[in-house]
Each structure stands twice: as structure tokens, then as C-alpha cells.
Amino acid sequence: MDSPQGRLPLFTAEELVEGQSRLSLLSDRVDVWAFALAGSPSFIARCRAILSDEERAKADRFVSAQHGARYTIAHAVLRNLLGRYCQVHPASLNFTSGAGGKPQLHLPGSDACPIRFNLTHSEDRALVGVGTRAEVGIDLERQRTDIEALAIGRHYFYGAERDALELAGPEGRIELFFRYWVAKEAVLKAQGVGLGLPLDRFRVDFLAGGMAARVTSLDPARLANDWTVKMLPCEPGWAAAVASRGTDWDVRLAVPDSEAGVVTDWTRL
């Protein structure tokens, strides 16, 4: 199986928090933003000012100051991006919990908003996926070599996925395990069921080239059968995927301008 080549275009968090240009969505695209979870104490303070009281309280509950800072940065970036799509101040955005506790966006003075989004982070990196036609799920993982990929796969994955891990051999097994993992996580996050649905209750089949996958659910009452997964190009040691319903959509990767720090282009996958 071929792996997605290249790397995600990475913004600094400050570029995205300070950005003010209007953003718009296409009905058949899911926009993906990748950024680093780092910044100076003064920048983190600016991020904190954007958050709600509830978000600030959650950031303060982290035992690790680093984890609290990364949470603060990630949610400030999310608020600013959504504010630019909705054309409202990021601090004024309201979030509620949907199915499975998945956050949903409510605009000031409005009962609902057509924008769907999801946030994920791993170590010092994060991704935001934004769409309008259907729910979005996104997942990012730093590959670890200290896990028993085959044992975990045998216990939790669907039969054909376990077989693929067996055939991959020791060298390719870790990479394949995390490709399955992010694909499954993206689907569960999009549906809003989280890990409450066992991973062996649906099957991920990668298509030719390995850049997309179809999903077969064994529990359609809890997980629909029409999810599609798109794998994101990552440098070695990382895996990422985005999921949405149907097959008539593509991914747009936001690309930063190295000098201006703003989006000047999109890469379509």
C-alpha cells in the first residue's frame, strides 16, 4: 500500500490567531488547517483572552502547564478560523454539545450554523477541519514505536484489518497501524460516537493509492455506512486523516505564504 507523501503545510499559531481576512467555504470541500502548538507567554495570554470562561477553566485544570498552553493555543486558533468563516468576532462564538458530546457552533442571535468542524492535536501539532455539507471528523497522531501494534490490532480491529497488520511485517506494521487508527478515529469523531463504538464494529478499506478509504459499518444504527476517509500527506512519523459523508467531496489544504503569513493558495487533494 502506498502512503501519502509530502507533508502538511504548517502555519504558526500566531499567523492564524492574528489573521483577519475573510474565509469562505465551498460546498464540496473540507478545508484543513495545520499549525504548530507553540508561542511566547504573551501570545498565550492573547489566546487566553479569546477563550470562554469555561475554556479558560479547562485549560487551568491541566496538571501540565505545557498541556494547558497547547489547549489554549489550539482553541484560540479554532475560534479565530471559525470567526473568519462566519464573519464574527472569535470571542463571541458559542458552542454546544451535539451527538456524543461533539462540539457544534451556534452564532450569536442564531439557532444554528451550517458550518461543521473538528479539532485534533498530537504533541506540538494540531489540525482543524471545516466544512459545510456534512459533519467532519479529523485525527492526527505521532507514530510511536513503543506500542504492541499487532496485539492491539488483534484485540480491537476488524478481521481484514488484523490480517493486513499480520502481512505488513515488523517494518511496515507501525505505519499501517496508525493509518488505520487515524482513519477510524476520524470517522468516529465525525459521527459523534467516539470510542463508545468498538473499533471492530466497522471496517476501513483503503482504496488504490492509499489516499482514500471507504467504510463498512456492522452497526448502521450507530454508525452510518456512507462515510469516506481521505488520508492527509504527512512527513515520516506522522499520520492524519479527515472523514465526511458521501464521496462527492475533496480536501483543501491551507497553504501559508512564507513571507506574509497568510493563505495565498490551497492545495486540493
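One is the number of the first residue; the rest follow in order along the sequence.
For the atom pair NZ (K184) and OH (Y158), the distance works out to 9.5 Å, reported to the nearest 0.5 Å. Here CZ of R29 is found 13.5 Å from OG1 of T132. Values are rounded to the nearest 0.5 Å. The CZ atom of R173 sits 10.0 Å away from atom CD of E148, with the distance rounded to the nearest 0.5 Å. Taken to the nearest 0.5 Å, the CD1 atom of I73 stands 5.5 Å off from the CZ atom of F43. Note that the CG atom of L150 and the CG atom of L165 stand 6.5 Å from one another [nearest 0.5 Å]. Atom CZ of residue R125 and atom CG of residue L8 lie 8.0 Å apart, to the nearest 0.5 angstrom.
Between Y71 and F62, the ring planes lie tilted relative to each other; the angle falls in the 30° to 60° range. Below 30°, between 30° and 60°, or above 60°: for F177 and F157 the angle between ring planes is below 30°, a parallel geometry.
Of the residues V182, V30, V130, L232, the one that meets the side chain to side chain contact (heavy atoms under 4.5 Å, CB included) test with I138 is L232. Checking H75, E55, R79 one by one against I50, the side chain to side chain contact (heavy atoms under 4.5 Å, CB included) holds for a single residue, R79.
Looking only at distances, a side-chain donor or acceptor of S122 sits under 3.5 Å from a matching main-chain atom of R142. A donor-acceptor pair is defined here as one N or O able to donate and one able to accept, closer than 3.5 Å; no such pair exists between the side chain of R179 and the backbone of F206. Not one N or O on the side chain of R245 forms a donor-acceptor pair closer than 3.5 Å with the backbone of E135. A donor-acceptor pair is defined here as one N or O able to donate and one able to accept, closer than 3.5 Å; no such pair exists between the side chain of K230 and the backbone of S244. Proximity of a side-chain donor or acceptor of R84 to a complementary backbone N or O of S21 within less than 3.5 Å is detected. No donor-acceptor pair under 3.5 Å is formed between the side chain of K189 and the backbone N or O of K102. A donor-acceptor contact shorter than 3.5 Å links the side chain of S217 to the backbone of L223. Q143 contributes a side-chain N or O that, together with a main-chain N or O of W238, makes up a donor-acceptor pair within less than 3.5 Å. When atom types are taken as modelled, the side chain of T228 and the backbone of G246 share a donor-acceptor pair closer than 3.5 angstrom. With E14 contributing its side chain and G39 its backbone, the two residues share no donor-acceptor pair below 3.5 Å.
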*Can you check side-chain contact (heavy atoms from CB on, under 4.5 Å) on D31 and Y85, steps first, answer last?*
CA-CA 11 Å; D31 290 355; Y85 281 112; 2.7 Å; yes
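Both L25 and L81 are members of a single hydrophobic cluster when ILVMFWY side chains are connected at heavy-atom separations under 4.5 Å. Under a hydrophobic clustering in which Ile, Leu, Val, Met, Phe, Trp and Tyr are joined whenever their side-chain heavy atoms come within less than 4.5 Å, directly or via other members, L23 and I115 fall into the same cluster.
Taking the centre of each ring, F95 and F117 come in below the 6.0 Å mark.
The pair R154-E166 counts as a salt bridge, with a side-chain nitrogen and a carboxylate oxygen less than 4.0 angstrom apart.
Side chains of Y180 and L199 form no contact here, defined as non-hydrogen atoms less than 4.5 Å apart. Counting only heavy atoms from C-beta outward, the side chains of T96 and P103 never approach each other to under 4.5 Å. Considering only heavy atoms from C-beta on, I147 comes within 4.5 Å of I174 through its side chain. For the pair R214/L207, a side-chain contact is recorded, criterion being any heavy-atom separation below 4.5 Å from C-beta on.
Contact between L51 and A76 at its shortest, heavy atoms only, is CD2-N, 3.7 Å.
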